[in-house]
Amino acid sequence: MIEVIIRLFMSHKALITGSSTGIGYQYAKYLALKGWKLELISQNEERSIKSKENLSYENANFHTYDLGKKESIQFIVENIDVPDLIVANAGIAINGAIGELSLEDKDYYYYLMCGGVIDLIEGFVPRMIEKGSGRIVIISSIGATTPMPKSSLYSSIKAGIYAYGKSISTELRNNNISVTVSLPGYVRTNAHERSGLSHLIKKVPQWMWINPEQVVLETEKASLKGKSEIIPGFVYKIVKPLLGFKIATNIWNKLTKKN
Ligand SMILES: NC(=O)c1ccc[n+]([C@@H]2O[C@H](COP(=O)([O-])OP(=O)(O)OC[C@H]3O[C@@H](n4cnc5c(N)ncnc54)[C@H](OP(=O)(O)O)[C@@H]3O)[C@@H](O)[C@H]2O)c1
């Protein structure tokens with residue numbers, strides 16, 4: 001009984017991957033304003049320190065690990081207490097036509113945004129089940145549901161983690177653990193510039209971009225409602241049913257062509 005009362009007064013704890021910039025940083029900021037205890041994971045030391053300064057929140061621990069490596073996930077699962085909320089967000093944009101990426105790169109990207117996300121989640125789920133509650137949010141992409149020529153690896157990784165999230169959402173329903181997969185379209189973050197896709201910032205019309213704050217608001221709302229999937233942004237909710245059509249792929253090709 002005393003344990004239950006103590007737990008009621010303790011703040012909730014979230015683990016967020018990819019927390020130094022973009023969507024992950026905004027998620028951290030949003031939960032910090034609500035008084036959550038945060039375990040924040042990113043890779044680059046300098047950006048992690050900068051995010052710590054910007055967030056300026058004492059109830060947060062900052063960690064740097066390369067999440068594309070199995071040992072990082074293993075270390076996190078073994079050394080961080082089970083969170084109430086996992087936000088599996090870390091990732092990068094990948095550009096490359098068939099055959100352009102090395103075997104090593106393909107394995108690495110797959111682990112970073114799919115295999116490692118599964119290992120992270122499965123490392124914590126048994127303890128969430130034991131605790132009797134939990135929430136899991138996976139940041140996938142609208143690219144999981146639509147053809148992405150020359151970004152086929154990215155699209156397939158995001159489709160893989162989307163399918164996984166939807167499946168475990170059903171599997172964990174009776175354990176009081178919700179799983180929500182978020183499928184954003186173009187979001188105004190550093191991701192494209194970082195991956196050498198700066199041309200998209202100029203070529204893709206402004207109305208197709210949404211802010212990371214909006215992704216967080218809509219995703220968190222969907223997660224709290226126990227929804228298994230959310231497409232942030234009004235425009236993407238409208239265009240989603242059209243994305244499988246040839247005309248949509250042709251428009252996408254034109255928009256995303258480098259020259
Ligand atoms: N931006 C979009 O248009 C868009 C659309 C759909 C889906 N998404 C997805 O949203 C997620 C967040 O992307 P974002 O747009 O917010 O990009 P971002 O601003 O570039 O942030 C990416 C975050 O992931 C971290 N990260 C990348 N590689 C990592 C690694 N190997 N180990 C640990 N952390 C790593 C980065 O940490 P460092 O700073 O340390 O590198 C950073 O904190 C990604 O999964 C992305 O695929 C983005």
Side-chain angles (χ1 to χ4, degrees), residues 16-19 21-27 30 85-95 109-110 112-118 120-121 135-173 177-192 195 197 200 204-205 207-245 248-249 251-253 255-256:
I16 304 174
T17 69
S19 55
T21 57
I23 298 168
Y25 176 77
Q26 289 303 331
Y27 225 118
Y30 181 84
L85 168 65
I86 297 171
V87 181
N89 161 76
I92 45 175
I94 311 165
N95 190 32
Y109 295 141
Y110 245 98
L112 173 63
M113 293 186 277
C114 190
V117 174
I118 295 173
L120 181 81
I121 291 170
R135 286 196 288 129
I136 296 166
V137 165
I138 298 170
I139 308 294
S140 172
S141 162
I142 196 91
T145 65
T146 186
M148 286 184 77
K150 298 200 180 155
S151 288
S152 52
L153 190 84
Y154 180 81
S155 170
S156 77
I157 292 172
K158 291 297 189 182
I161 202 60
Y162 169 60
Y164 173 80
K166 291 286 285 186
S167 299
I168 63 163
S169 155
T170 306
E171 192 173 328
L172 293 171
R173 195 174 287 155
I177 298 170
S178 73
V179 182
T180 306
V181 188
S182 184
L183 303 163
Y186 287 110
V187 188
R188 292 184 186 94
T189 68
N190 295 330
H192 302 97
S195 303
L197 295 166
L200 294 177
V204 176
W207 58 265
M208 287 187 76
W209 293 87
I210 63 170
N211 290 326
E213 290 89 336
Q214 190 175 349
V215 175
V216 173
L217 271 180
E218 289 194 41
T219 302
E220 186 58 6
K221 196 171 160 196
S223 166
L224 286 167
K225 282 188 178 165
K227 290 190 175 172
S228 66
E229 160 175 354
I230 173 76
I231 298 173
F234 179 69
V235 69
Y236 287 98
K237 288 182 185 66
I238 301 290
V239 299
K240 165 81 175 27
L242 308 173
L243 288 177
F245 289 105
T249 310
I251 294 171
W252 185 293
N253 277 344
L255 286 176
T256 54

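Here the closest non-hydrogen pair linking I238 and P241 is O-CD, 3.2 Å. When every heavy atom of I157 is checked against every heavy atom of C114, the shortest pair comes out as CG2-CB, 3.9 Å. Between N89 and T17, the closest heavy-atom pair is N-OG1, 2.9 Å.
Here the CD1-OG1 distance, from I230 to T180, works out to 9.0 Å after rounding to the nearest 0.5 Å. One finds the OG atom of S182 at 8.0 Å from the OH atom of Y27 (value rounded to the nearest 0.5 Å). A distance of 9.0 Å separates CD1 of I168 from CD1 of I177, quoted to the nearest 0.5 Å. Atom-to-atom distance recorded for S140:OG and Y154:OH is 7.0 Å, nearest 0.5 angstrom. Atom-to-atom distance recorded for I139:CD1 and L183:CG is 9.0 Å, nearest 0.5 angstrom. Within the model, atoms CD1 of I231 and OG1 of T145 stand 6.5 Å from one another, a figure rounded to the nearest 0.5 Å.
Panel note: side chain T219, backbone V215; a donor-acceptor pair is recorded below 3.5 Å. Counting only distance, with no hydrogens or angles, the side chain of S155 and the backbone of P147 share no donor-acceptor pair below 3.5 Å. Of the possible donor and acceptor atoms, none in the side chain of S152 sits under 3.5 Å from a partner among the backbone N and O of P149. One N or O on the side chain of S195 and one on the backbone of A93 form a donor-acceptor pair closer than 3.5 Å.
Counting only residues at least two apart or on different chains, the salt bridge (charged side-chain N to carboxylate O under 4.0 Å, His left out) pairs with a member in residues 135-158 are R135-E220. Evaluation of the side-chain hydrogen bond (donor to acceptor under 3.5 Å, both in side chains) test over residues 232-242, restricted to residues two or more places apart or in two chains, returns E218-K237.
For the pair I92 and Y109, the minimum side-chain heavy-atom distance is below 4.5 Å. At least one side-chain heavy atom of I94 sits under 4.5 Å from a side-chain heavy atom of M113. Side-chain contact between T21 and T189: absent, with no pair of heavy atoms (C-beta onward) separated by less than 4.5 Å. At a threshold of 4.5 Å between non-hydrogen side-chain atoms, the residues T170 and R173 count as touching. The shortest side-chain heavy-atom distance between I118 and I161 falls under the 4.5 Å cut-off. Using a 4.5 Å cut-off on side-chain heavy atoms (C-beta onward), I121 and I138 make contact. With a 4.5 Å cut-off on side-chain heavy atoms, S223 and S178 count as touching.
The aromatic rings of H192 and W209 lie perpendicular to each other, with more than 60° between the two planes, well past the 30° mark.
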**OP:** Apply side-chain hydrogen bond (donor to acceptor under 3.5 Å, both in side chains) to S228 and K166, showing your working.
**Re:** CA-CA 6 Å; S228 66; K166 291 286 285 186; 3.0 Å; yes
